[in-house]
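Just so you know, these numbers come straight off a predicted model, no measurement behind them.
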Amino acid sequence: MTRPGAGAGRPRYLLGAVSGLVAACAGLALAELAAAAVRPEAAPVTAVGGAFVDLTPVGLREWAIRLFGTADKLVLALGILAVLAVVAAGAGMLALRHLPGGVAVATGFGLVGAAAALSRPEASWLDALPSLAGAVAAGGVLYLLVRAANRPRPAGAPPKGPPGTQSRGATWAMDRRGFGRLVAAVLAFSAAAGVAGRRLGAHGSAGATASRARFVLPRPAVPAPPVPAGAELKVPGLSPFLTPNRDFYRVDTALVVPRVDADAWHLRIHGEGVSRPLTLGLRELLDRPLVEHDITLTCVSNEVGGPYAGNARWLGVRLADLLREAGVRPPSQGGRADQLVARSVDGMTIGTPVEAVMDGRDALLAVGMNGEPLPFAHGFPVRMVVPGLYGYVSACKWLTELRLTTFAAYDAYWVRRSWAQQAPVKTQSRIDTPRAHADLSPGRVAVAGVAWAQHRGIERVEVRVDAGPWQQARLAAADGNDTWRQWVWPWEAAPGRHTLEVRAVDRTGAVQTGERAGTVPDGATGWHAVEVRVRPLPEGAGRPWS
């Protein structure tokens, strides 16, 4: 037998959850609108996400990169929104029983966003305002919605609603129509605030977009030679020699890509051993001679055989020339600083050995990538590119400051998170085709891929099948020592399951190690291997290569 009124709690708490979710929408929309007037990094989801990345253990971060790839930032944002939804629903249900407590939970999440915003690099007190505004809005809306859904009943008034939906002694009543109108009004406000925030954000970045559209790459004083005709092997499935900008990997901590106005950009060079500090705008930087150079970049998070490597033609100013202009000498010549700390507009710091920057390699402050201005996602208007070093110690994007110091005196962002201070790129090779677990026909198969050892160059690539003898692959023409080289090896594939492995030898004679190591602290090692299946020949068929 069902107790009268036993089901009344369920719809009531459902309305509480709806109230919490609607209040969260209002708070988030108002916060995003306020962030458009402050800066995008001050938005609550962005600020909390950035703080989460800062606090995430290295192992968990590397796992996320392996699992989600370049979609890790989207997954993080969705996860934050999911947590917000759960907390908001819980706050709404709590508010039905204890209104001050529910409102406190709703506003508390906004206070977390404010604290996260203030913890970000380059933060000011203004960065807390969007989350605080959102907290006040969420708390206020939740109060109004719960009051509408839980309106006190006048003394002696008969219960409303269908028989069996009101428990004896109930002291609450629900104005469904009034509650619905209030929910609709709040959602309409949230939508309007969201649209306004997007438009204001777009307007705020319009100057940056326009400045990039106006920017015409200067002609290089030292153009790169044409890519050798034999550098591009015509093998289906093989990575192109020059990686298109749209396909170039992106690994960084920016949940919102900074959009920097080139007309307002400036670079400051200062610190130990700098006798002539410099502050340059973009036009002043471009007054220096520009050089063009093909360079392969690699992320230290790249697993053996991973996708986080790309090759591009970069245009920029030689960083060594700029440092000499500021009076800097490398340590080998008596210089006081051995570390160059680059700072991004979003506060990221990357430490690079001064000796590596000034040893003769084409370390650049790049403004162009594959014949066009840097894309925003790759550092417009200016970024660093240093061949031979992993990106986390060399490739600062959205550059705004260069400070000379020592490794003993300062640890950059990633070094404080268990990564090595100095990280030259390790010799690596990768099989692009056939893919792992491919189902192949017997006969001749082109096994092909790329190999890299930036600033040393690739001398030889070898392939073996099922742990057999190493066979030398054919190398594509080299385009200097700072780019990857394509390679191909013709394999006479027999039916069965097989394991293909590859290794490279750099131009110093060092053989790529087969010892497996993870990415932390200074890059992965090991031979890339793929397992494939070669289908058996149909009965009575001859060998295709006979």
Nearest 0.5 Å, please: how far is CG in Leu364 from CG in Asp362? 5.5 Å
Does a side-chain heavy-atom distance below 4.5 Å link Gln486 with Leu238? yes
With a sphere of 6.0 Å drawn around CZ of Phe52, does it hold more than 12 non-hydrogen atoms of other residues, nucleotides or ligands? no
Ring-plane angle category for Trp452 and Trp484, please: parallel below 30°, perpendicular beyond 60°, tilted otherwise. tilted
Residue Gln333 excluded, over 12 heavy atoms near CD under 6.0 Å: yes
What heavy-atom pair brings Ala420 and Val415 nearest, and what distance separates the two atoms? O-CG2, 3.7 Å
Excluding sequence neighbours, so at least two apart, what forms side chain to side chain contact (heavy atoms under 4.5 Å, CB included) with Val53? Leu76, Thr253, Leu255, Tyr413
From Asn311, Thr243, Thr483, residue fulfilling side chain to side chain donor-acceptor pair (under 3.5 Å) relative to Thr296: Asn311
Donor + acceptor pair across side chains of Glu284, His266 (<3.5 Å): no
Atom CH2 in Trp489, atom CD in Gln471: separation rounded to 0.5 Å? 5.5 Å
Using a strict cut-off of less than 4.0 Å between a Lys/Arg side-chain nitrogen and an Asp/Glu carboxylate oxygen, indicate whether Arg313 and Asp294 qualify as a salt bridge. yes
Do the side-chain N and O atoms of Arg430 and Ser239 include a donor-acceptor pair separated by under 3.5 angstrom? yes
Heavy-atom pair of closest approach, residues Val461 and Ala451: CG2-CB, 3.8 Å
Qualifying residues under salt bridge (charged side-chain N to carboxylate O under 4.0 Å, His left out), relative to Glu462, sequence neighbours excluded: Arg460, Arg503
Once rounded to the nearest 0.5 Å, what's the spacing between atom CG of Leu404 and atom CD1 of Ile269? 8.5 Å
From Ser429 OG over to Glu501 CD, what is the distance, rounded to the nearest 0.5 angstrom? 10.0 Å
Donor-acceptor pair between Gln421 and Asp411 side chains, under 3.5 angstrom: yes
Can you run down the side-chain hydrogen bond (donor to acceptor under 3.5 Å, both in side chains) pairs that involve residues 520-535, sequence neighbours left out, and say none if there aren't any? Lys426-Asp522, Asp439-Arg533, Ser441-Arg535
For Asp261, give me all partners under salt bridge (charged side-chain N to carboxylate O under 4.0 Å, His left out), at least two apart in sequence or on another chain. none
Evaluate the criterion salt bridge (Lys or Arg N to Asp or Glu O under 4.0 Å) for residue pair Glu372 and Arg212; output intermediate values, then yes/no. CA-CA 10 Å; Glu372 65 177 69; Arg212 185 178 182 275; 3.1 Å; yes
Could you pull out the closest heavy-atom pair between Val367 and Leu217, with the gap in Å? O-CD2, 3.7 Å
Evaluation steps, side chain to side chain contact (heavy atoms under 4.5 Å, CB included), between Thr519 and Asn302: CA-CA 7 Å; Thr519 57; Asn302 199 45; over 6 Å; no
What I'd like to find out is whether the side chain of Arg383 reaches to under 4.5 Å of the side chain of Leu374, using heavy atoms alone. yes
Any side-chain heavy-atom pair from Pro220 and Val291 closer than 4.5 angstrom? no
Supply the atom-to-atom distance Arg259 CZ to Phe376 CZ, rounded to the nearest 0.5 angstrom. 4.5 Å
Would you say that Gln428 contacts Asp506 through its side chain, given a criterion of any heavy-atom pair below 4.5 Å between the two side chains? no
Whether Asp346 and Arg120 form a salt bridge (side-chain N of Lys/Arg under 4.0 Å from carboxylate O of Asp/Glu) is what I want to check. no
Between Glu303 and Arg516, is there a salt bridge with N-O shorter than 4.0 Å? no
Over-ring placement of Arg250 relative to Tyr308, 6.0 Å and 45° cut-offs: no
Under 3.5 Å, is there a donor-acceptor pair linking the side chains of Gln339 and Thr352? no
State which residues pass salt bridge (charged side-chain N to carboxylate O under 4.0 Å, His left out) with Asp287; sequence neighbours excluded, sorted by chain then number. none
Determine whether Phe248 and Leu242 make a side-chain contact, defined as any pair of heavy atoms from C-beta on separated by less than 4.5 Å. no
Nearest 0.5 Å, please: how far is NE2 in His498 from CZ in Arg464? 15.5 Å
Do the side chains of Arg288 and Asp321 get close enough for a salt bridge, i.e. N-O under 4.0 angstrom? no
Quick check: closest heavy atoms across Ala356 and Leu389, and the distance to 0.1 Å? CB-CD1, 4.1 Å
Tell me, please, which residues at least two apart from Glu272 pass salt bridge (charged side-chain N to carboxylate O under 4.0 Å, His left out). none
Verify side chain to side chain contact (heavy atoms under 4.5 Å, CB included) between Arg474 and Leu233, making sure each step is shown before the conclusion. CA-CA 10 Å; Arg474 178 169 67 89; Leu233 299 175; 3.6 Å; yes
Phe380/Trp398 under side chain to side chain contact (heavy atoms under 4.5 Å, CB included): CA gap, chis, key distance, verdict: CA-CA 6 Å; Phe380 181 83; Trp398 314 294; 5.7 Å; no
For Leu282 and Pro381, the nearest pair of non-hydrogen atoms, with its separation, is CD2-CB, 4.3 Å
Ion pair check, Asp482 and Arg361, cut-off under 4.0 Å: no
On a heavy-atom basis, the closest approach of Glu41 and Pro258 is OE2-CG, 4.4 Å
Stepwise, does the side chain to side chain contact (heavy atoms under 4.5 Å, CB included) test hold for Met358 with Val328? CA-CA 10 Å; Met358 303 185 75; Val328 177; 4.1 Å; yes
Among Leu285, Val260, Leu286, Leu280, the one residue meeting side chain to side chain contact (heavy atoms under 4.5 Å, CB included) with Val382: Leu285
